[in-house]
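Working notes, structure below.
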Number of protein chains: 2
Amino acid sequence: MSTPPPTPSSGPEPEARAIRDDATRSAPEPDAKPLRADAARNRAKILDAARAAFAEHGRDAQMDDIATRAGVGVGTVYRHFPTKQSLAVAIVQQRFAMILAFIRDELLPDPDPWNALERSFEFCASTQLADRGYADAVGTIAGGSPIAGGGPHGPAVDQIEEMLDLTERLIARAHAAGVVRDDLAASDMPPLYAALASIVQAGVPDWRRYIAIVLDGLRPR
Amino acid sequence: MSTPPPTPSSGPEPEARAIRDDATRSAPEPDAKPLRADAARNRAKILDAARAAFAEHGRDAQMDDIATRAGVGVGTVYRHFPTKQSLAVAIVQQRFAMILAFIRDELLPDPDPWNALERSFEFCASTQLADRGYADAVGTIAGGSPIAGGGPHGPAVDQIEEMLDLTERLIARAHAAGVVRDDLAASDMPPLYAALASIVQAGVPDWRRYIAIVLDGLRPR
DNA sequence: ACCTGAACACCGTTCAAGT
DNA sequence: ACCTGAACACCGTTCAAGT
């Protein structure tokens, strides 16, 4: 089972700040004018509140609830994020940044390419378990990059690109080691992560079993 | 790829009546007093309208729209189905009855047990493709029988039982032929069908590829 | 008995008024 | 500039009035 991945649910606080900075940079405008101090504070509180709300309730999270948790009026939430969807997207991009960092810093350095693949599924599943919003969104990511470009959901285009780039390296290493089927491509991973999401979200207790089955399906023919 | 399964989307009319009768029988009350003629007619029209609406929009289908399509007032819809959820469940039970019939009449008679397994995934995927409501629900089915008993979603308890019974026979035949891994159980199928749903719903065009990967994962070790 | 649709509740979104 | 919350729109659900 390898090392348990750093579960994102354990404490929102420690990584939250790093994630927030990251996400603020990846906003629609590459580098918009800096916010007034109080506005920046409010934006951060809104993101924290939204993270908690979406993690718990997925797309059923309520805007009024988020505003209350953040200690601001609903109008303020809408000033920062024009729509509930856009707020959900911002949160998903944070999660995505976290996952990219995990692949970059933990999986690519893993000397065993097969183990790295295995850990990527484990990490994906435990993220889905901790964050319903991410689990809801991972399917839209699998739909392909077109969705990211102007589409209503999902991570930013450059995040998709980095994801594919990192995944390609992961897969290339596995090919070099001869541990996966010849036709396995990086583009196969998002659909498989999406597939995992519905098992996890269905509350199937031994989701690890289905990771094992899929992994067996990825072994060389 | 085997024979393309009878796609449920092609024409709602032909099977609709048979399905309707089936579902009417599997209503909450085993055999409630017969409905007045006009009420029975309305109920049928509501089920037809709901089938179309849920197939197209999944859980986002609107009650007013269903009432309009059926040519009745909203109140009438609520008289027959106390809640949107209960109406969705009725439709899912119809689909489920259809799937059970397919397994019973098409897959169990298939002389090749491996091919039967393959066709079960294909049929599941094309049903999910044709019916967003079913695709939305199949995850809740995978959660296990507890959900069916009093739970808010999914097929009736006896349908779940029949499903497991039929699937067990399917798997037993595959074990007898030695074409699947030793530890494969009937209870593995619902989670795998649910996994398929998110791939199909994500709009991944070559979902057949992921069926093939999972099937490879089911082969003997 | 059953049907109808206006009325109510809830939640996403807007906007006039404030600082 | 930014914040607030009452008001509006939309959709699930109810219920008084009809047949």
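Numbered from 1 within each chain, the chains take letters A, B, ... in sequence-line order.
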Any strand: nucleotide that pairs with D:dC11 via Watson-Crick or wobble, under 3.5 Å: none

Separation of C:dT4 C1' from B:Met63 CE (nearest whole Å): 15 Å

Side-chain N,O (A:His80) to OP1/OP2 (D:dC3) below 4.0 Å: yes

Between D:dC11 (P) and B:Arg59 (CZ): distance, integer Å: 17 Å

Under-4.0 Å side-chain N/O to phosphate OP1/OP2 contact, B:Thr76 with C:dC2: no

Side-chain N,O (A:Asn42) to OP1/OP2 (D:dC3) below 4.0 Å: yes

A:Tyr193 and A:Ser120 side chains, donor-acceptor separation under 3.5 Å: yes

Under-4.0 Å side-chain N/O to phosphate OP1/OP2 contact, A:Arg79 with D:dC2: yes

Side-chain ion pair, A:Asp206 and A:Arg208, N-O less than 4.0 Å: no

Nearest-nucleotide pick for A:Leu35, side chain only, options being D:dC2, C:dG12, D:dT13: D:dC2

Sugar-phosphate only, base, or nothing, as touched by A:Ala61 at under 4.0 Å among non-hydrogen atoms: sugar-phosphate

Atom-to-atom span, CZ of B:Arg43 to P of C:dA1 - whole angstrom: 18 Å

Strand partner of D:dT4, provided both Watson-Crick or wobble distances fall under 3.5 Å: C:dA16

Salt-bridge criterion met for A:Glu106 and A:Arg119 (N-O under 4.0 Å): yes

Interatomic distance, A:Leu87 CG vs C:dG12 P [rounded to whole Å]: 11 Å

A:Asp188 bridged to B:Arg209 by N-O distance under 4.0 Å: yes

